[in-house]
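Reviewing the structure listed below.
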Amino acid sequence: MVFKKDKGEKLTREEKTEEIVGDKDPKGAVAAKRNAKETAAIVWDKTCELWKKYELAVFAVVLLVFAMLARGSYFDFKSGDYNSFLVKWFDEIKALGGFKGFASTIGDYTPMYKYIITILTYIPVDSLYSYKAVSCIFDAVLAFYVGLTVRHFTKSDVTALIGYGVTLFLPNVFLNSGVWAQCDSIFTCFTVMSFYYMLRGNDITSMVMYGISISFKIQAIFYAPVIVIAVLRGKIKLTAFPFIFVSYILCAVPAVIAGMNPIDALLGAYLKQVGEYSRLTLNAPNLYQFLSDNYMTNEKISQMMVFASLGIAAVIAIGFYKYKGETDDKKWLLTAYVFAITIPYILPHMHERYYYMADIFAVIFACVYAKKAYVAVLTIYPSMRVVMRYLFDYKNTKIDFRTLAIIMLIGIVALFQVVYSEFSADKKDKTELQNKNLPKEEEKSATD
């Protein structure tokens with residue numbers, strides 16, 4: 001049998017098959033086969049479109065799952081802080097009847113974190129797991145806002161995903177929540193939110209977030225110079241500034257309603273923390289590692305260095321404030337990183353985990369200044385090393401704190417070099433522009 005088209009042309013093999021099938025199945029099997037292929041092609045195209053649209057979101061979820069599984073592997077680990085403080089606070093608040101006993105001044109934490117502890121006492125879960133679960137949730141929120149901040153700078157979803165993923169798996173973030181059961185991710189999360197909304201021009205939201213941040217932990221004060229400079233330079237409207245105090249006071253209101261003394265609710269925890277530790281450094285890789293142990297509890301040195309640190313911070317702040325060029329978003333990032341890393345380096349009585357906020361700004365910095373990522377490594381490594389020693393081998397491994405302090409100092413100096421380069425670039429560009437315009441102006445005056 002010869003198969004031909006209308007014009008006498010030979011049919012293709014596919015057409016032969018379809019004609020034969022058509023002869024045997026007059027009900028349209030060929031059409032059904034074509035429709036099935038077309039439907040499959042449409043489904044595949046739609047699937048590809050959805051994948052391209054949401055692939056980064058899928059990657060983000062996968063990273064989050066693995067990050068939480070990694071933390072879960074350490075959920076049974078009990079740190080010294082948990083055994084000595086956290087579990088006792090939990091048990092005491094629970095014994096007092098939760099919110100009924102909130103008026104007591106248990107521990108040295110602020111009302112905001114005690115709200116969380118109190119709520120956890122009503123959940124039938126071991127306090128070790130509930131503490132860690134809350135911190136891990138804020139790890140995820142923190143990583144999300146780091147990603148948003150990185151995307152604001154780079155306009156790249158991929159780079160934002162990298163910042164998000166690095167934050168989730170950064171040793172100090174992982175160790176702080178999943179191992180240590182500490183809550184530094186909470187106040188740092190609100191600080192990063194404040195920074196992000198400042199960049200976006202949402203001044204009131206930014207101030208509210210910072211008020212919440214400082215209501216959790218006093219270490220949020222490391223970011224305070226950025227707020228002051230931003231207000232003075234007009235980055236943040238002066239009318240938005242009071243919202244820091246509004247949100248801070250509102251955070252204390254539930255504690256007062258529950259019966260806590262207003263002064264204790266507002267300042268009690270911070271007044272208790274001041275002078276709580278006598279050593280000039282508590283495993284922090286900072287300048288006090290260069291002092292002899294004979295001076296570690298010297299009260300006069302402590303007082304002198306507190307004022308000296310405030311003076312140094314003020315000088316740096318004045319330098320940023322008096323800068324005559326335009327302060328773009330990258331310069332604000334450098335400003336935040338500088339204060340987050342410099343203040344705990346020069347301030348006495350710092351713990352090993354007080355570089356937590358600096359570590360997060362270092363991640364953002366590394367994503368924005370990829371070629372300068374070594375600066376972030378230099379500041380993150382000493383911070384990570386002292387935390388690991390404290391948690392896992394405090395009594396068994398000796399580390400050279402002075403070496404770590406030197407590495408940290410090198411990182412700080414390198415950061416200041418980047419700051420100088422960035423802030424002097426505008427002056428150089430302005431001078432070059434003036435030099436280009438100068439001959440034209442001279443030529444014009446000669447013509448006149």
Stepwise side-chain contact (heavy atoms from CB on, under 4.5 Å) test for Y196 and V146: CA-CA 8 Å; Y196 172 74; V146 168; over 6 Å; no
**Report entry** Trace of the side-chain contact (heavy atoms from CB on, under 4.5 Å) decision for S194 with I227
**Finding:** CA-CA 9 Å; S194 176; I227 298 292; 4.2 Å; yes
Item to check | Derivation and outcome, side-chain contact (heavy atoms from CB on, under 4.5 Å), residues F416 and I316 | outcome: CA-CA 11 Å; F416 272 93; I316 297 172; 4.0 Å; yes
Note to self: Pair Y129, D76 - check side chain to side chain donor-acceptor pair (under 3.5 Å), show working.
What the structure shows: CA-CA 8 Å; Y129 303 143; D76 288 326; 2.5 Å; yes
Evaluate the side chain to side chain donor-acceptor pair (under 3.5 Å) criterion for residues Q182 and D81: first the C-alpha distance (whole Å), next the side-chain angles of each, then the deciding distance (0.1 Å), finally the verdict. CA-CA 8 Å; Q182 282 290 351; D81 285 355; 3.0 Å; yes
Worksheet item: Between L404 and D400, does a side-chain contact (heavy atoms from CB on, under 4.5 Å) hold up when you go through it step by step?
Response: CA-CA 7 Å; L404 295 176; D400 191 341; over 6 Å; no
Subject >> Derivation and outcome, side chain to side chain donor-acceptor pair (under 3.5 Å), residues S213 and T191 >> reply: CA-CA 6 Å; S213 174; T191 300; 2.6 Å; yes
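For the atom pair CD1 of I229 and CD1 of I318, the computed distance is 9.5 Å after rounding to the nearest 0.5 Å. Taken to the nearest 0.5 Å, the CD atom of E352 stands 7.5 Å off from the CG atom of L282. For the atom pair S79 OG and Y390 OH, the distance stands at 6.5 Å (nearest 0.5 Å). The line from CZ of F241 to CD1 of I236 is 9.0 Å long, rounded to the nearest 0.5 Å. A distance of 9.0 Å separates CD1 in I117 from CZ in F90, rounded to the nearest 0.5 Å. Here the straight-line distance linking atom OG of S383 with atom OH of Y355 works out to 8.0 Å at 0.5 Å rounding.
Looking only at side-chain heavy atoms (C-beta outward), L64 and Y164 come within less than 4.5 Å of each other.
Checking each of T167, V166, V58, L161 against L63 for a side chain to side chain contact (heavy atoms under 4.5 Å, CB included) leaves exactly one that passes, namely L161.
For the pair K330 and F153, the cation-pi test (distance below 6.0 Å, angle within 45°) is failed. Remark: K217 is not positioned above the aromatic ring of F190, lacking an NZ or CZ atom under 6.0 angstrom from the ring centre and at most 45 degrees off the axis.
Under the 3.5 Å distance criterion, the side-chain polar atoms of D203 are left unmatched by any main-chain donor or acceptor of A240. Between the K155 side chain and the H152 main chain, a donor and an acceptor come within less than 3.5 Å of each other. Without hydrogens or angle criteria, S247 side chain to I244 main chain gives a donor-acceptor distance under 3.5 Å.
Ring pair F195/W332: centre-to-centre distance not below 6.0 Å. A centroid separation of less than 6.0 Å is found between the aromatic rings of F392 and F77.
A perpendicular orientation is assigned to the rings of Y323 and F423, their planes being inclined by more than 60° (bins at 30° and 60°).
Listed by chain and residue number, F102, P111, M112, P254, A255 satisfy the side-chain contact (heavy atoms from CB on, under 4.5 Å) test with Y115 (two or more places apart in sequence, or in another chain).
Nearest heavy-atom pair, L391 versus L175, reported as atom, atom and distance to 0.1 Å: CD1-CB, 3.9 Å.
Other residues, nucleotides and ligands contribute only 12 or fewer heavy atoms inside 6.0 Å of the CZ atom of F66.
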